[in-house]
Amino acid sequence: MTADATKAARMVAEAAADVPAEEVPRRVCAAVCEGLGMDGATLSLLTDTPSRQLLAASDDAALLLEEIQFTVLEGPCIGAARTGEPVAVDDLDGGLTPWPLFGATMRERLPQVRSVYALPLFFGDYVLGTVDLLALRPHALDADALREASRVADAVTAALLPTREMLLTGTRAPAWEPEQVVRAHWFDTARAIGALVSRRGVTPEDALALMRAAAFRTGRSLADITADVLRDPPRDP
């Protein structure tokens, strides 16, 4: 690795050392963002499934990036999770992205973000999650820098491994604020999907599609739709 990537990997390892498990995602996310010189970063698990778990985000813009991808079901992080390859969007203002809904929504809701990068997190041969990086400048990472950032993602995986049981089966959210956003992406969305599966006899994928359709139809966030389902289960989203 280059000196900067080596420094970033070391920062990730130090961030996860000797801290409670629930603190690890937030601290690792901050270390990735700072170590790679980006303007925002997120961590998520099961990124391309209905059981997606948002673990941490560095700031409000990063949270909104995740909310957009989670709602439209497309974008670089989902592409990275499905293909196991890094995904680069070098200039959101410079042309069309492969994901029309994602690109249009990003330009509308996060016009200050110019580039986004997604890195798969490998647990063995399986992609269990992704790191998203965002920058307020276009072409924030060239091809060489993206390769080095992918190696830093290996340090993220190593940092998360000791906490995997808590992350996948725990009953508490990681130590991240605002808590309600993490709950909407981790605990509450899964509960709402289960409610719709039971009520309508559909698959989890179809239940999530119904919730996303309601978000598009009403212009509200998926977290809002989730809250509606859980607050008043007898009604459809």
Short side-chain to backbone donor-acceptor contact, [X] and [Y], under 3.5 Å:
{"X": "Arg26", "Y": "Ala56", "answer": "no"}
{"X": "Ser198", "Y": "Gly194", "answer": "no"}
{"X": "Ser115", "Y": "Arg137", "answer": "yes"}

Just by distance, with hydrogens left out, do Gln112 and Asp39 show a side-chain donor and acceptor under 3.5 Å apart? no
Is [Y] reachable from [X] through a run of I, L, V, M, F, W or Y residues, each pair having side-chain heavy atoms under 4.5 Å apart?
{"X": "Val131", "Y": "Leu65", "value": "no"}
{"X": "Tyr117", "Y": "Ile78", "value": "no"}
{"X": "Phe216", "Y": "Leu64", "value": "yes"}
{"X": "Phe70", "Y": "Leu101", "value": "no"}
{"X": "Leu134", "Y": "Leu110", "value": "yes"}

I'd like to check [X] versus [Y] (side-chain heavy atoms, cut-off strictly below 4.5 Å). Are they in contact?
{"X": "Val116", "Y": "Met106", "result": "yes"}
{"X": "Glu85", "Y": "Ser150", "result": "no"}
{"X": "Glu148", "Y": "Leu141", "result": "no"}
{"X": "Val89", "Y": "Trp99", "result": "yes"}
{"X": "Val113", "Y": "Leu136", "result": "yes"}
{"X": "Glu74", "Y": "Pro100", "result": "yes"}

A quick test of your reading: do over 12 heavy atoms of other residues, nucleotides or ligands sit less than 6.0 Å from CZ of Arg109?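 12 or below, so no.
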Can you confirm whether more than 12 heavy atoms, excluding those of Glu34, are under 6.0 Å from its CD atom?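 For Glu34, atom CD is not crowded (no more than 12 foreign heavy atoms under 6.0 Å).
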Run the side chain to side chain contact (heavy atoms under 4.5 Å, CB included) test on Val127 and Leu121 for me, step by step, so that the C-alpha distance in whole Å, both residues' side-chain angles and the decisive distance to 0.1 Å come before the verdict. CA-CA 6 Å; Val127 179; Leu121 295 176; 5.7 Å; no
Apply side chain to side chain contact (heavy atoms under 4.5 Å, CB included) to the pair Leu55 and Val24, showing each step before the final yes or no. CA-CA 9 Å; Leu55 299 184; Val24 170; over 6 Å; no
Intermediate values then yes/no, side chain to side chain contact (heavy atoms under 4.5 Å, CB included), Arg199 and Val229: CA-CA 11 Å; Arg199 185 189 317 156; Val229 172; 4.0 Å; yes
Can you tell me how far [atom2] of [Y] sits from [atom1] of [X], rounded to the nearest 0.5 angstrom?
{"X": "Leu43", "Y": "Leu54", "atom1": "CG", "atom2": "CG", "answer": "8.5 Å"}
{"X": "Leu36", "Y": "Met11", "atom1": "CG", "atom2": "CE", "answer": "9.0 Å"}
{"X": "Thr71", "Y": "Leu208", "atom1": "OG1", "atom2": "CG", "answer": "9.0 Å"}
{"X": "Glu205", "Y": "Ile193", "atom1": "CD", "atom2": "CD1", "answer": "8.5 Å"}
{"X": "Glu67", "Y": "Asp60", "atom1": "CD", "atom2": "CG", "answer": "12.0 Å"}
{"X": "Cys77", "Y": "Glu66", "atom1": "SG", "atom2": "CD", "answer": "5.0 Å"}

salt_bridge(Asp206, Arg200) N-O dist < 4.0 Å: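 No, no charged N to carboxylate O under 4.0 Å.
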Salt bridge check: are Arg107 and Asp93 linked by an N-O gap of less than 4.0 Å? no
Worked check of side chain to side chain contact (heavy atoms under 4.5 Å, CB included) between Leu128 and Thr157: CA-CA 9 Å; Leu128 193 59; Thr157 298; over 6 Å; no
